[in-house]
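The next block holds one structure in the form of structure tokens; read it before the comments.
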Amino acid sequence: MEKIAIISDIHGNLPALETVLKDIKDRDIKRIFCLGDLVGKGPDPAKAVDICREVCEVVIIGNHDDFMASGQELPALPFISWHREQLGKERLKYLKNLPPVFNFHISGRKVRLYHASQISPHHRVFMDDPEEKQQAMFTNTAFTGDDFKPDTIGYGDIHQAFQKNLWGKVLFNAGSVGNPLDEPTAAYVIMEGNYGDAKPNYFSLQMIRLPYDIELAIQQARDAGMPEIELKPYANELRTSEYRGSGHLNVK
């Protein structure tokens with residue numbers, strides 16, 4: 001059996017990322033998959049990208065990665081240029097070329113990972129959305145490709161960790177490492193089974209929550225000179241795990 005760490009939504013928060021990676025190392029987990037949003041919101045996008053490139057076997061594109069890489073200047077997000085300056089051309093190119101999905105077998109299960117949904121990294125599906133919308137996440141689309149029929153879906157984006165069984169299928173959200181919006185602790189998932197094996201066998205998912213130094217993360221944002229329009233809602237979200245939306249246009 002092998003354990004795989006599945007992380008998501010780091011958002012440039014180094015204290016949270018370092019806490020999670022230490023826990024992964026302490027558990028002797030060698031394989032790490034990342035579901036995107038390495039950047040955005042937090043003050044250290046460049047370091048977050050560099051660390052994930054080094055330690056993650058798989059990295060999938062998230063919505064923040066996508067619009068940062070494209071340079072899309074959303075109407076109320078003038079601070080995108082600040083993040084892009086921190087990242088530099090080479091890292092932006094790396095983000096732009098990240099894959100949209102990752103498919104694999106583990107203990108007979110067909111697992112598909114993506115950032116937000118089967119539609120795109122920007123199409124959001126919430127924990128309490130109607131079941132038919134969640135069932136649709138298992139379908140193949142132009143975005144996912146049609147050569148794989150998943151029975152287990154893992155995603156990030158909404159910053160709320162959960163697991164559901166849907167008529168013999170498993171849907172789970174890995175939560176957020178650096179910007180959790182369900183409780184103010186860093187989240188990730190441990191998947192265990194025979195990686196790469198199409199034969200049914202033992203399989204498990206474990207949700208991990210870890211306290212980290214939130215005030216250090218906020219101080220690092222101040223020290224980095226992160227724009228005030230972004231700093232205030234970021235600090236509020238880290239402390240309370242409540243999404244305020246100010247300056248983010250509902251872009252998690």
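The analysis underlying the following values was restricted to heavy atoms, covering all of them including side chains, and did not include hydrogens, waters or symmetry mates.
- Annotation for Lys149: atom NZ does not count as buried by contact number, only 12 or fewer foreign heavy atoms lying within 6.0 Å.
- Heavy-atom minimum distance, Asn63 versus His122: CB-ND1, 3.4 Å.
- By the salt bridge (charged side-chain N to carboxylate O under 4.0 Å, His left out) test, Asp223 is found to be paired with no residue, residues two or more places apart in sequence or in another chain being considered.
- Open room surrounds NZ on Lys232; 12 or fewer heavy atoms of other groups in view lie less than 6.0 Å from it.
- Put simply, the residue from Asp151, Asn140, Thr152 that forms a side-chain hydrogen bond (donor to acceptor under 3.5 Å, both in side chains) with Arg112 is Asn140.
- Across every non-hydrogen atom of Ile218 and Leu231, the tightest pair is O-CD1, 4.3 Å.
- In the hydrophobic clustering of ILVMFWY residues, with side-chain heavy atoms under 4.5 Å counting as a link, Ile10 and Tyr94 come out apart.
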Q.
What verdict does the side-chain hydrogen bond (donor to acceptor under 3.5 Å, both in side chains) test give for Tyr212 and Asn13, after you've listed the backbone C-alpha separation in whole Å, the side-chain angles of each residue and the deciding distance to 0.1 Å?
A. CA-CA 11 Å; Tyr212 72 96; Asn13 182 339; 3.2 Å; yes

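- Through side-chain heavy atoms spaced under 4.5 Å, either directly or across other Ile, Leu, Val, Met, Phe, Trp or Tyr residues, Met1 is tied to Tyr202.
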Counting only pairs under 3.5 Å, give me each side-chain donor-acceptor contact of residues 46-57, with atom names and distances, residues two or more places apart or in other chains.
residue: Asp50; atom: OD1; partner: Arg91; partner atom: NE; Å: 2.9
residue: Asp50; atom: OD2; partner: Arg91; partner atom: NE; Å: 3.4
residue: Asp50; atom: OD2; partner: Arg91; partner atom: NH2; Å: 2.9
residue: Arg53; atom: NH1; partner: Glu90; partner atom: OE1; Å: 2.9
residue: Arg53; atom: NH1; partner: Glu90; partner atom: OE2; Å: 3.3
residue: Arg53; atom: NH2; partner: Glu90; partner atom: OE2; Å: 3.2
residue: Glu57; atom: OE1; partner: Arg31; partner atom: NH1; Å: 2.9
residue: Glu57; atom: OE2; partner: Arg31; partner atom: NH1; Å: 2.8

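- The cluster map of Ile, Leu, Val, Met, Phe, Trp and Tyr, joined by side-chain heavy atoms under 4.5 Å apart, puts Ile29 and Leu17 in the same cluster.
- Within the model, atoms CG of Leu38 and NE2 of His64 stand 12.0 Å from one another, a figure rounded to the nearest 0.5 Å.
- Legend: side chain to side chain donor-acceptor pair (under 3.5 Å) pairs involving residues 15-27, not counting sequence neighbours, sorted by first then second residue: Lys22-Asp26, Asp23-Arg27, Asp23-Tyr188, Arg27-Tyr188.
- Ring centroid separation for the pair His11 and His159 comes in under the 6.0 Å cut-off.
- With a 4.5 Å cut-off between side-chain heavy atoms of Ile, Leu, Val, Met, Phe, Trp and Tyr, the cluster of Ile119 takes in none.
- Checked against the 6.0 Å centroid threshold, Phe148 and His105 count as a close aromatic pair.
- Nearest heavy-atom pair, Pro43 versus Trp82, reported as atom, atom and distance to 0.1 Å: O-CH2, 3.7 Å.
- Side-chain contacts under 4.5 Å among hydrophobic residues (ILVMFWY), followed directly or transitively, place Leu113 together with Ile4, Ile6, Phe33, Leu35, Val58, Ile60, Phe102, Phe104, Ile106, Val111, Val170, Phe172, Val189, Met191, Tyr195, Phe203, Leu205, Met207.
- At least one cation-pi condition fails for Lys41 and Tyr234: the charged atom is not both under 6.0 angstrom from the six-membered ring centre and inside a 45 degree cone around its axis.
- Hydrophobic clustering, with ILVMFWY side chains joined whenever heavy atoms are under 4.5 angstrom apart, groups Ile61 together with Ile80.
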(Q) Between Leu21 and Ile32, is the side chain to side chain contact (heavy atoms under 4.5 Å, CB included) condition met? List the steps. (A) CA-CA 9 Å; Leu21 292 179; Ile32 305 174; 3.9 Å; yes

Q: Start with the C-alpha distance between Asn236 and Glu242, add both sets of side-chain angles, then the distance that settles side-chain hydrogen bond (donor to acceptor under 3.5 Å, both in side chains), and finish with yes or no.
A: CA-CA 7 Å; Asn236 286 337; Glu242 295 178 2; over 6 Å; no

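- There is a side-chain donor-acceptor pair under 3.5 Å between Glu230 and His83.
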